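One structure is given here, and the rest of the page talks about it.
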2 protein chains.
Amino acid sequence: MSGSTSLAEQLKMAGFRMTRQRAAVLRAMADSPTPLSALQLWNQAKRNCPCLGLATVYRTLDVLNMVGGVERCHAASGRSFVSCPPGDHHHVVCVVCGRVAEFSRCNVASLIPEVSRETGFHVESHLLELAGICPTCLAEEKAE
Amino acid sequence: MSGSTSLAEQLKMAGFRMTRQRAAVLRAMADSPTPLSALQLWNQAKRNCPCLGLATVYRTLDVLNMVGGVERCHAASGRSFVSCPPGDHHHVVCVVCGRVAEFSRCNVASLIPEVSRETGFHVESHLLELAGICPTCLAEEKAE
DNA sequence: GACATAAATGAGAAGTCTTCTCACTTACTC
DNA sequence: GAGTAAGTGAGAAGACTTCTCATTTATGTC
Ligand SMILES: [Mn+2]
Ligand SMILES: [Mn+2]
Ligand SMILES: [Zn+2]
Ligand SMILES: [Zn+2]
């Protein structure tokens, strides 16, 4: 819940209006323990705002993205949005069920000087995503 | 050129037929200094095989992917295929022009035990992609 | 070289995700 | 309670990828 409040405040502070639709999307995000795709978010949010349009979900995600409250997660197949705590972190995605966990430890930065030297690129950012099997799916695999 | 030959041999050895279309795609790959998207590849390959269909480019990339001669590159916006030398490596993508360079130094593996402990995930693979500005675009920026 | 056969192809339909358009609605300021 | 600019829904459109199926073609065999 505090997550939702915080995102709402971020929007207000950045001069965006709080609408029924945006509130529904924020609430759907806050209520989900696991990050949701735009489509999943739409299905959840419609329960609080039945005539919500999918385009509005995308627009809300864009706005949250601008404000820094949400981040794209390049999952294996297709893209999805993920509500993120502030700060630098990355994702581990379950290849079985799609659940996502976050981690903040990252050693990629130390690689960059060398890559810059090798390739001549001026490196500005990095995308790191791990894939594997989540605890829940691991347990189910063992149960069989 | 040796790159093209090698991919052709890989296909042969895996029991795939060498067609005019596949040869054209392989040649387009070999001739490009920079990795190409399916669409770019199509436009190049059509010069040697005018009636080539885009679907065939995708099919060829799939086949090469199975054989291990090509790898998906999750570039910032949309997907593209990249012909890859064998072995473990990652990409740096230019945010201005889309050019891609490769690097093989990677320290992500050393991160994995800790992430596994923190998240409970059994980590199986990682995706690492750097973004920045390529030497060519850097030069153009300075020229202005 | 001709034949048989399974693999491969082209053209376009279809699918998926995302963005755009535009007439209409609504949150916020005064 | 206006006035106004921001926001919205519905559906069209766009980008990329996969699928379908009738037709072509590479390759092993004679
Ligand atoms: Mn990092
Ligand atoms: Mn690596
Ligand atoms: Zn799982
Ligand atoms: Zn560039």
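Each chain gets a letter, A, B and so on, in the order the sequences are listed, and its residues count up from 1. Every value quoted in this text rests on a predicted model; they were computed, and no experiment measured them.
Glu102(A) and Thr119(B) get closest at one heavy-atom pair: O-CG2, 3.9 Å. Across all their heavy atoms, Cys94(A) and Cys134(A) have their closest contact at SG-N, 3.4 Å.
Checking dA11(C), dT17(D), dT19(C) against every side-chain atom of Arg59(B), the shortest atom distance belongs to dA11(C). Counting only heavy atoms from C-beta on, Leu39(A) has its side chain closest to dC17(C) among dA11(C), dC20(C), dC17(C). Of the candidates dA11(C), dT8(D), dC17(C), dA11(C) carries the atom nearest the Ala55(B) side chain, counting heavy atoms from C-beta on. When distances run from any side-chain atom of Cys51(B) to the nucleotides dC17(C), dG9(D), dG10(C), the shortest one goes to dG10(C).
The separation between Tyr58(B) atom OH and dG10(C) atom C1' is 16 Å, rounded to whole Å. At whole-Å resolution of the value, CG in Asp62(A) and P in dA6(D) are 17 Å apart. Between the CH2 atom of Trp42(A) and the P atom of dT16(C) there is a distance of 14 Å, given to the nearest Å. Across the protein-nucleic acid pair, Asn43(B) atom CG and dA15(D) atom P stand 14 Å apart, rounded to whole Å. Rounded to an integer number of Å, the gap from Leu54(B) CG to dA14(C) C1' is 14 Å. The interatomic distance linking Leu41(A) (CG) with dC17(C) (P) rounds to 14 Å, in whole Å. Across the protein-nucleic acid pair, Leu61(A) atom CG and dG7(D) atom P stand 15 Å apart, rounded to whole Å. Atom CG in Asn65(A) sits about 13 Å away from atom P in dT18(C), given to the nearest Å.
When heavy atoms are screened at a 4.0 angstrom cut-off, Leu52(B) is found touching the sugar-phosphate backbone but no base atom. Nucleic acid contact class of Arg22(B) (heavy atoms, under 4.0 Å, all strands): sugar-phosphate only.
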Output one line per pair: protein atom, nucleotide atom from nucleotides 23-27 of chain D, and distance, for all N/O pairs under 3.5 Å.
{"unit_1": "dA26(D)", "atom_1": "O3'", "unit_2": "Met18(B)", "atom_2": "O", "d": "3.4"}
{"unit_1": "dA26(D)", "atom_1": "N3", "unit_2": "Arg17(B)", "atom_2": "NH1", "d": "3.1"}
{"unit_1": "dT27(D)", "atom_1": "OP1", "unit_2": "Met18(B)", "atom_2": "N", "d": "3.0"}

- Check against side chain to side chain contact (heavy atoms under 4.5 Å, CB included), Leu64(A) and Thr60(A): CA-CA 6 Å; Leu64(A) 287 172; Thr60(A) 301; 4.1 Å; yes
- Working for side chain to side chain contact (heavy atoms under 4.5 Å, CB included), residues Glu124(A) and Ile133(B): CA-CA 8 Å; Glu124(A) 293 176 336; Ile133(B) 306 186; 3.6 Å; yes
- Message: Would Gln44(B) and Gln40(B) count as a side chain to side chain contact (heavy atoms under 4.5 Å, CB included) here? Give the steps.
- Response: CA-CA 6 Å; Gln44(B) 291 304 309; Gln40(B) 293 172 320; 5.6 Å; no
- Task: Quick one: do Leu61(A) and Met29(A) satisfy side chain to side chain contact (heavy atoms under 4.5 Å, CB included)? Show the steps, please.
- Result: CA-CA 11 Å; Leu61(A) 290 170; Met29(A) 278 184 158; 3.4 Å; yes
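In this structure, the helix from dG1(C)-dC30(D) to dC30(C)-dG1(D) shows an angle of 40° between the axis at its start and the axis at its end, each fitted on 5 base pairs and rounded to 10°.
The ring of His90(A) has its center closer than 6.0 angstrom to the ring center of His126(A).
Formation of a donor-acceptor pair under 3.5 Å by the Trp42(B) side chain with backbone atoms of Val25(B) is not found in this model.
Residues Val63(B) and Leu41(B) fall within the same hydrophobic cluster, defined by Ile, Leu, Val, Met, Phe, Trp and Tyr side chains chained together at heavy-atom separations under 4.5 Å.
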